[in-house]
Structures are given as C-alpha cells and as structure tokens.
Amino acid sequence: MSRLTTTLTDALGLDVPIVQAPVGSATCPALAATVADAGALGMLAVTWRDEAATREVITETNHRTDGVFGVNIVADSDAKDVPTETHVEVCLDEGIDIFSFSFGDAAPYIEQIHSHDGTILQTVGSAAEAKAAVDAGVDVLVAQGWEAGGHVQSTVATLPLVPRIVDAVPDTPVIAAGGIADGRGIAAVLTLGAAGAWLGTRFLATEEAHVHRRYRQRVLGADETETVYSALFDEGWPDVPHRVLENTTVADWKAAGQPETERPGGGEVVAETDDGTPIRRYEDSLAVPGIDGDVEELPLYAGQSAGLTQTVQSADELVNTLTEETVEALERAN
Ligand SMILES: Cc1cc2nc3c(=O)[nH]c(=O)nc-3n(C[C@H](O)[C@H](O)[C@H](O)COP(=O)(O)O)c2cc1C
C-alpha cells in the first residue's frame, strides 16, 4: 500500500492524493491525460467551452488515458454563456463521473449526478459553506484558501481554513487548495487533515499546459510577493476577486488610486485571439497560445505559490517529483 493512500485516493481510485487543479482554458486533454496516467487526478475546466468543445476535450482525453480525470464547472451564471445544466448533461452523456463545482452551489445537480454513480466535489471557502455542501449531499470538498491563483472563493488563508473545514465535516474527504506547489506543501496539508492537494499555479509550468509562453515565463520568474488580489479584471466575469501577477495594467491602476470606474486605458484593445477577436484591457481572458499583442497586460492568473514555481517539467514528471518530495517531507516530520 502506498504511503500516500488517503480517503481521497480510495474514493476516486488514484495512486497519489494529488490533483491538477482546473486552471480554466489552460487545461487541455494532454495535461489532464498525462496527470491521470501518472496516477493523480487530471481535471478539464469546461466552463468557457461550448457544448461541442466540451465533448471534444472529453473524447480526446478519454482516447489518451485510462487514468482518472474529471471536469470542473463554475456554477456562477455571470461567468459564462453555457448554462450549468447544459454542461452537466453534456458531461454525463460523455461518461464523466467526477464533477467539481466552484463559485456556486452543486446542490441542483447532486441527484442527477448521483443517479449516474458520479462523485461531486464542491469548492468552499469557510466551515459554514462546507457544512452546507455536505448536508446537501456533496461527496468531497475543496477548501480553497485566499493565497490561491485565479478566481478566489475565500478570504481565509489555506493554513487556518483546512483544519476548520476538516473539523466541521470529519467524515468527508477534504482537498486543500491555494499556496501548494511542492511536496512540503502537500505534506503540510495532509498533516492538517486534508485527504489531498489541489495545485493550480504549479501545473501552469508544465510542458502540456495550454498557456502562452510569455505568461509562463512571468509565472516562472515571479516571487511570492508579486501577486495582487483584487476584482480588477472584471469584464466577462464581474465582482469576483482574483489573484494575478502584478503587471502594467495592475500597476497603472494602483498608481491612479485604484478607481472603480474610469480606469487607466479602459476599453483599450491590448491583444487579440488567433481568430482576430479583440481583447480589452480589463477582460478576464486567460493568456493562451495564439494570442497576439501585449500578452503581459492581460490577467496573469497566479497564486502566491508562483514563488515556488521555478521550473518547467512534463506533467507526469511533476507528479512523480511531488510524490517523492511529499514522502520525504512526511518522513522528515516523523
Ligand atoms: C490560470 C488559473 C485558472 C483557474 N481557473 C479555474 C477554473 O476554471 N475553475 C475553478 O474552480 N478554479 C480555477 N482556478 C483556481 C484553481 O482551481 C485553484 O483553486 C488554485 O489555482 C489553487 O491555488 P494555487 O494556484 O496556489 O495552486 C484557476 C487558477 C488559475 C491559476
């Protein structure tokens, strides 16, 4: 039996309690399948994919791996065009049996997913939210702390959040997210009572992640002090705080006194997608390959864990490195 067996590995059939977090459009079949092949949980974020694209990424991932992977759906309807119920239908139809919901309630979909023998994960940001989710029938919780990259659900840091949630729902596996980028972090959250670790920023620095080269370079070069938590990049998904690397867009807005309206360069086109769609300065667009223009001005989503993210590895090498580091860290602690 692996020394890293937990209630999460048992529940989902994983070799190691490591999750490649859903990192929006940076997820892709190559990333999720490579992670799944390495014995960890691969995730496809489908929120910003339409029905056809959702089917396509699931089919391709299935072709690439026999390992375990799931989908993430942001349940906040302000974030996207495709209704959550449509995404759920499409994913069930494609045979998905691991669903993660964030930024909203999984409750409306629990009965339907359970009737297909599916497992439901929900991201929460407090002990009260955790209790409510478990009472509604959620199977696994993701406790996402404030230091996380991308959009952030909690105002509490991972270190106090995880044990609060573990204590609130002792019979439910809890996966810790936010600020974890190496085996020391994984060992730490396992010690706090988590059954697994959910790493986002660290997986941006893999060969398979679907991210623009210049974005990845900024993540690799960033210190832990270089991220900013704000609701600045609100065009596309308003009023939800997120953590990004400080760039010129953020610095100019700070220098202008952090105005809520009439922000510097508001409405200005800074880049365009590969099909020529313009991207304006305060849009929520993730910097994927093929974007042309001032990529560095876009929201460079990253957590404080960027400070620990210094090398690019293939995703399977990363899972192996993280596993070895975790075992070593736990042995040291013993
Ligand atoms: C580029 C990026 C995109 C993200 N997209 C999503 C998403 O689509 N859905 C979601 O629930 N969380 C999303 N997140 C949050 C991650 O799932 C995860 O909670 C976070 O990255 C954990 O913190 P870490 O970056 O310190 O590892 C995103 C994070 C990043 C960095």
Side-chain angles (χ1 to χ4, degrees), residues 18-28 31-32 35 41-49 54 57 70-76 79-80 82 84 87 98-106 120-125 141-154 156-159 161-162 174-182 185-186 188-189 194 196-206 209-212 215-216 218-219 222 224 226-229 233 236-237 240-245 284-288 295 298-309 318 322:
I18 297 172
V19 184
Q20 164 250 309
V23 281
S25 311
T27 63
C28 58
L31 178 60
V35 168
L41 177 63
M43 292 294 293
L44 294 168
V46 299
T47 309
W48 295 278
R49 291 176 157 118
T54 300
V57 289
V71 298
N72 166 257
I73 304 171
V74 166
D76 181 352
K80 55 185 186 163
V82 179
T84 301
H87 266 140
I98 297 175
F99 284 78
S100 128
F101 294 92
S102 49
F103 301 94
D105 203 357
I120 298 153
L121 284 57
Q122 184 173 321
T123 302
V124 293
L141 293 175
V142 179
Q144 190 212 36
W146 175 82
E147 53 273 68
H151 288 79
V152 180
Q153 281 194 232
S154 191
V156 180
T158 304
L159 192 67
L161 182 66
V162 171
V174 175
I175 310 175
I180 308 163
D182 63 19
I186 299 172
V189 296
W198 177 280
L199 287 71
T201 301
R202 185 64 188 88
F203 275 96
L204 296 177
T206 54
H210 190 61
V211 292
H212 197 285
Y215 171 26
R216 178 151 50 206
R218 279 287 334 258
V219 173
E224 67 283 8
E226 282 181 61
T227 68
V228 176
Y229 172 86
F233 293 95
W237 189 6
V240 179
H242 40 264
R243 187 174 294 284
V244 294
L245 294 178
D284 62 350
S285 307
L286 196 146
V288 293
V295 172
L298 301 177
L300 304 175
Y301 299 110
Q304 294 178 341
S305 51
L308 291 163
T309 301
L318 176 57
L322 291 170

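What you are looking at is a predicted structure, and each value in this text was computed from that prediction instead of being measured. Note that ligands are numbered from 1 as they come in the structure, with each ligand's atoms numbered from 1 the same way.
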* Decide side chain to side chain contact (heavy atoms under 4.5 Å, CB included) for Arg49 and Thr27; before the verdict, give the C-alpha distance in whole Å, the side-chain angles of both, and the deciding distance to 0.1 Å. => CA-CA 11 Å; Arg49 291 176 157 118; Thr27 63; 3.1 Å; yes
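- In this structure, of Ala306, Ser305, Gly303, the residue bringing a heavy atom nearest to atom 24 (P) of ligand 1 is Ser305.
- Counting the atoms of ligand 1 from 1 in the order shown, those under 4.0 Å from a heavy atom of Leu199 are 27 (O).
- Residue Ser102 has at least one nitrogen or oxygen atom sitting less than 3.5 Å from a nitrogen or oxygen atom of ligand 1, judged on distance alone.
- Checking only distances, Gln144 does come within under 3.5 Å of ligand 1, N or O to N or O.
- An N or O contact shorter than 3.5 Å links Gly179 to ligand 1 by distance.
- At the top of the distance list for atom 14 (N) of ligand 1, counting protein heavy atoms only, stands Pro22 O, 3.4 Å.
- At the top of the distance list for atom 5 (N) of ligand 1, counting protein heavy atoms only, stands Gly24 N, 3.0 Å.
- Scanning both residues, Thr123 and Gln144, for their nearest heavy atoms gives CG2-CB, 3.7 Å.
- Each of Val74, Thr54, Leu286 was evaluated against Trp48; a single residue qualifies, Val74, per the side-chain contact (heavy atoms from CB on, under 4.5 Å) test.
- Less than 4.0 angstrom separates some heavy atom of Trp48 from each of these atoms of ligand 1: 8 (O).
- In terms of protein heavy-atom proximity, atom 21 (O) of ligand 1 is closest to Gly200 CA, 3.3 Å.
- Looking only at side-chain heavy atoms (C-beta outward), Leu41 and Val35 stay at 4.5 Å or farther from each other.
- Not counting sequence neighbours, Asp105 has no partner by the side chain to side chain donor-acceptor pair (under 3.5 Å) test.
- For the residue pair Asn72 and Pro22, the shortest heavy atom distance occurs at CB-CB, 3.4 Å.
- Only the side chain of Tyr215 comes within contact range of ligand 1, with a heavy atom under 4.0 Å; no backbone atom does.
- Between the side chains of Arg243 and Ser305, no donor N or O sits under 3.5 Å from an acceptor N or O.
- Among the atoms of Gly149, some N or O lies under 3.5 angstrom from an N or O of ligand 1.
- Of all protein heavy atoms, the one closest to atom 25 (O) of ligand 1 is Thr201 OG1, 2.5 Å.
- Inclusion of Trp198 in the set of residues having an N or O under 3.5 Å from an N or O of ligand 1 is warranted.
- Using a 4.0 angstrom heavy-atom cutoff, Gly178 counts as in contact with ligand 1.
- Within ligand 1, counting atoms from 1 as listed, the ones closer than 4.0 Å to a heavy atom of Asn72 are 7 (C), 8 (O), 9 (N), 10 (C), 11 (O).
- Scanning all protein heavy atoms for the shortest distance to atom 4 (C) of ligand 1 gives Val23 CA, 3.4 Å.
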* **Verdict with reasoning, His210 to Leu31, per side chain to side chain contact (heavy atoms under 4.5 Å, CB included)** => CA-CA 8 Å; His210 190 61; Leu31 178 60; over 6 Å; no
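- For the pair Lys80 and Ala75, the tightest heavy-atom approach, listed with the atom from each and the gap, is NZ-CA, 4.4 Å.
- Side-chain atoms of His212 do not come within 3.5 Å of backbone N or O of Val295 as any donor-acceptor pair.
- Between His242 and Tyr301, the ring-plane angle classifies as perpendicular under the 30° and 60° cut-offs.
- Residue contact check: Leu286 has heavy atoms under 4.0 Å from atoms 1 (C) of ligand 1.
- Distances below 4.0 Å separate heavy atoms of Gly150 from the following atoms of ligand 1: 29 (C), 30 (C), 31 (C).
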